[in-house]
Number of protein chains: 2
Amino acid sequence: MNNALSVEFIQQASDVIKVLGHPQRLKIIEYLEKEEKSVSQIQEHLSVSQPLASQYLRHMHSRGIVKYRQEGTTYFYSIASEFIHKILDCVSECQQKVESGEWELAMFGTE
Amino acid sequence: MNNALSVEFIQQASDVIKVLGHPQRLKIIEYLEKEEKSVSQIQEHLSVSQPLASQYLRHMHSRGIVKYRQEGTTYFYSIASEFIHKILDCVSECQQKVESGEWELAMFGTE
DNA sequence: ATTTTATATAAGAAAATTACTATATATTGG
DNA sequence: CCAATATATAGTAATTTTCTTATATAAAAT
């Protein structure tokens, strides 16, 4: 079932994964899961400054993780890749397993 | 099907995901997927120095991503969490979908 | 035309990450 | 006890990331 990952794919995938390895950006992705949101909605949801929200989104856009649609001065962002949806499912499933006591997210908190 | 992620879980999960957002560390995880490996095996597999390999592993161990078993002077590392296996499955599935043309890993490579 | 609203962009300081070199520890074999 | 092997740890320079402040753009409203 598991083919080996190619060197290039590992490089690309880790680039994408890296973006999700950040609480605020992961929160954005979760917020966008169901439907597109405007920058100001995202900004309020995170309680961050406008430029910082914009920067997060630009960052994720440059990696192909989100896309946007413009309507007047409003930009609606949404998830651009199936891979992101899958990862999010995975994280969500993990939370459920952890809550049910079936799994541990991480085994030790040492250091 | 999708419960909302809690703030604490997002924090913890992004901490773990962050570790995978690095080509060499992701490669280690993939290398460990089937079975445990010694530090020197991992070192050779990555073509990095001994201290660097050890540092990667210590880093991943501190996050509960890998665990080890000692036998003499040899340390055998393996994946410590189900979550990591799941993420790896997800990445592997993604590569297959990308190769088959069904998905794109990322939509734009701009910037 | 001017103001307001929504967002983007730029520049830089502070903090974190990365990878290197040098050294330490601990187990095994002679 | 001494050397060799396998791995860990410490210290650090270079790079990257993160977040802030200030400014720009562009559409809409007055």
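Lettering of chains follows the sequences in order, A, B, ..., and the numbering in each one begins at 1.
For K18(A), whose side chain is taken as the heavy atoms from C-beta onward, the closest listed nucleotide among dT16(D), dT9(D), dT20(D) is dT16(D). Closest approach to the R25(B) side chain among dA8(C), dT18(D), dT18(C) is made by dT18(C) (side chain taken as heavy atoms from C-beta onward). Candidate nucleotides dA19(C), dT7(C), dT18(D) were compared by shortest atom distance to the side chain of H22(A), and dT18(D) ranks first. Ranking dT20(D), dA26(C), dT7(C) by closeness to the S38(A) side chain, first place goes to dT7(C). Side-chain atoms of T73(B) lie closest to dA6(D) of the nucleotides dT7(C), dT18(C), dA6(D). With dA11(C), dT9(D), dT18(C) as the candidates, the nucleotide lying closest to the side chain of Q55(A) is dA11(C).
Rounded to an integer number of Å, the gap from CD1 of I42(B) to P of dA6(D) is 14 Å. Summarising the geometry, the separation between CG on L46(A) and C1' on dC19(D) is reported as 14 Å, rounded to the nearest angstrom. Straight-line distance from the CD atom of E44(A) to the P atom of dT5(C): 14 Å, rounded to whole Å. Whole-Å rounding puts the Y56(B) OH to dT9(D) P distance at 17 Å. As rounded to whole Å, 11 Å separates atom P of dT28(C) from atom OH of Y75(B). One can place NE2 of H59(A) at 16 Å from P of dT20(D), the figure rounded to the nearest angstrom. For Q24(A) and dT18(D), the CD to P distance is 11 Å, given to the nearest whole Å. Q43(B) places its CD atom 12 Å from the P atom of dC20(C), with the value rounded to the nearest Å.
Closest-nucleotide positions on DNA chain C for E71(B) and P51(A) were compared, and the one nearer the 5' end corresponds to P51(A). Projected onto DNA chain C by closest heavy-atom contact, G72(B) and L52(B) fall at different nucleotides, the more 5' of which corresponds to L52(B). Mapping S49(A) and Q41(B) onto DNA chain D by nearest heavy atom places Q41(B) closer to the 5' end of the strand.
The base of dA6(D) is not paired with the side chain of Q50(B) by any donor and acceptor separated by under 3.5 Å.
Backbone-only contact: S40(A) has heavy atoms under 4.0 Å from sugar-phosphate atoms and none from a base. Across all strands, Y68(A) comes closer than 4.0 Å to no nucleic acid atom at all (heavy-atom distances). In this structure, F76(A) reaches neither bases nor backbone, as no heavy-atom distance under 4.0 Å exists between it and the strands shown. Residue Y77(A) is classed as a sugar-phosphate contact, given heavy-atom separations below 4.0 Å to backbone atoms only. Within 4.0 Å of T74(B), counting heavy atoms only, lie sugar-phosphate atoms of the nucleic acid but no base atom.
Counting heavy atoms from C-beta on, the side chains of L88(A) and L20(A) never come closer than 4.5 Å. Taking the side chain as every heavy atom from C-beta outward, L46(A) and Y56(A) approach each other to under 4.5 Å.
Using a 4.0 Å cut-off between a side-chain N of Lys or Arg and a carboxylate O of Asp or Glu, R69(A) and E36(A) qualify as a salt bridge.
Taking both residues in full, the closest heavy atoms of L105(B) and F9(A) are given as CD2-CE1, 4.1 Å, listed atom of the first, atom of the second, then distance.
Between H45(A) and Y31(A), the two ring planes are parallel [angle under 30°; tilted spans 30° to 60°].
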Begin from the C-alpha positions of Q55(B) and H59(B) and carry the test side-chain contact (heavy atoms from CB on, under 4.5 Å) through to its verdict. CA-CA 6 Å; Q55(B) 207 175 128; H59(B) 185 194; 5.9 Å; no
